[in-house]
Amino acid sequence: MPELPEVETVRAALARDLVGKKIKAASVTNGRVVRRHKSAKEFRALVEGRSVRSAERLGKYLVFAHDNQANLVVHLGMSGRLLRAKGPKDPKPKHTHVVFTLSPGGELRFVDPRTFGEMFVSSPPAPGETVEVSKFARLSVGGDGLARRARVPELAHLGLDPFEDQYGWDRFAAVLRSRTTALKAVLTDQDILCGIGNIYSDEILFAAGLRYDRPSESLSTIEIRRLHRSITEVLTEAIKHGGSTLEDEQFVDPEGKPGTYQQFHQVYGREGQACPQCRGPIERVTFHGRSTFFCPRCQS
DNA sequence: CCGGCTACCTGCCGGC
DNA sequence: TGCCGGCAGGTAGCCG
């Protein structure tokens, strides 16, 4: 379940290892992965022969700028991996759906058992064509973020990325006060804040001492500042440890290395265990059809 | 406009 | 031992 820290880990690895290389050939063996395109053939025609100029991230999306104004966009979904390989002789994992042959040398493969992940080539909007950028992005994102959204229309609906410029606590306060929804629903709504999913929302809310079901507009200024700080701190710490790799899922970076942040999880997946702060039992509830872990004593 | 529900998928695990 | 239901959850699309 790659969320922002896992996607950032992949981005950083590919910034070192993919940028500057040319995609000589692409092979697509599961068309569902490129479902935004009319055909796999169309997708191949758009990527083959292109060089990769940069590796960026917006929320949980990877954005690789091509040498022709277009961008290759990748979302890992629930179980997607981008894996480097030395060449075609390296054994292909099951569920390898796309293989890029790179120049110089090697391959980049997209492996995704559950096929919730996808990739597509985004062409810049035609001159004069306007792109509707999400109102939460407009509210707080600086020039780069807005420009990036305008360049990739498919991602223009995304809200604030927690690491984008100009994401101050006062702007964040305006976002929270504009909704009456439960905090967890706000944190995981990609059109408001992008990059946070089920695991990190629970960890962030525990760090902030706030319950998942607190109405977002009910927070005091101090609570808003605490939540704002917790978002940055938890995600930064998770990135430092290469993201989280849970026992039942298989996140690894492009070199096949798992993350280690799971050992620092305070509440996620710890139902019945002692809260690290008060030693009371961590509770698990189903919220919006998803598991939510929290400490009823430390979070209010 | 907004919130809530479901479909899309495969692997894994517990129960029978 | 084998089958089957439930669960995992990110996003898009639909509906009220």
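Side chains included, hydrogens not; waters and symmetry mates left out as well; all remaining heavy atoms used. Order of the sequence lines fixes the chain letters, A, B, ..., with proteins taken first and strands second; residue numbering starts at 1 for each chain.
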Which of the following nucleotides, B:dG11, C:dG9, C:dT11, is nearest to the side chain of A:Y268?
C:dG9
Quick check: do A:F120 and A:L46 have side-chain heavy atoms less than 4.5 Å from each other?
no
Test: side chain to side chain donor-acceptor pair (under 3.5 Å). Region: residues 275-294 of chain A. Which pairs qualify, not counting sequence neighbours?
A:K184-A:T292, A:R284-A:S291
Looking only at side-chain N and O atoms, does A:Y200 offer a donor or acceptor that is under 3.5 Å from a partner on A:E6?
yes
Under 4.0 Å between a side-chain N or O of A:H157 and OP1 or OP2 of C:dT11?
no
Quick test of your reading of the model: are A:R57 and A:D161 salt-bridged, counting only N-O distances below 4.0 Å?
yes
Given atom CG of A:D191 and atom P of B:dC2, what is their separation to the nearest angstrom?
10 Å
Using whole Å, what does the distance between atom C1' of nucleotide C:dA8 and atom CD of A:E271 come to?
15 Å
Report the distance from atom CG of A:D112 to atom P of C:dG10, rounded to the nearest whole Å.
13 Å
Sugar-phosphate only, base, or nothing, as touched by A:R35 at under 4.0 Å among non-hydrogen atoms:
nothing
Report yes or no: do A:T115 and A:H97 form a side-chain donor-acceptor pair below 3.5 Å?
no
Do the charged groups of A:K257 and A:E255 touch, with an N to O distance under 4.0 Å?
no
How does protein contact run along nucleotides 3-9 of chain B, one letter per nucleotide 5' to 3', with B for base contact, S for sugar-phosphate only, - for none, heavy atoms under 4.0 Å?
SS---BB
Whether A:R284 contacts C:dC7 is assessed here as follows: a side-chain N or O lying under 4.0 Å from the phosphate OP1 or OP2. Is that the case?
no
Without decimals, in angstroms, what is the distance between A:N198 CG and C:dT11 P?
12 Å
Taking OP1 and OP2 of C:dT11, is either one under 4.0 Å from a side-chain nitrogen or oxygen of A:Q190?
yes
Considering every strand and a 4.0 Å limit on heavy-atom distances, what is the contact class for A:F287: base, sugar-phosphate, or nothing?
nothing
Tell me, with the steps shown, if A:S79 and A:F116 meet side-chain contact (heavy atoms from CB on, under 4.5 Å).
CA-CA 7 Å; A:S79 56; A:F116 283 12; 5.9 Å; no
Dot-bracket encoding per residue of DNA chain C, Watson-Crick/G-U cut-off under 3.5 Å, | denoting interstrand:
.|||||||||||||||
Measuring to OP1 and OP2 of C:dT11, would you say a side-chain N or O of A:K60 lies under 4.0 angstrom away?
yes
Quick check on C:dA8: is either OP1 or OP2 less than 4.0 Å from any side-chain nitrogen or oxygen of A:S79?
no
Would you call A:R36-A:E154 a salt bridge at under 4.0 Å N-O?
no
Within the structure shown, what part of the strands sits under 4.0 Å from A:T188 by heavy-atom distance: base, sugar-phosphate, or nothing?
nothing
Starting at CD1 of A:I192 and ending at C1' of C:dT11, how long is that distance when rounded to a whole Å?
15 Å
Separation of C:dG10 atom P from A:L193 atom CG, nearest Å, is 15 Å
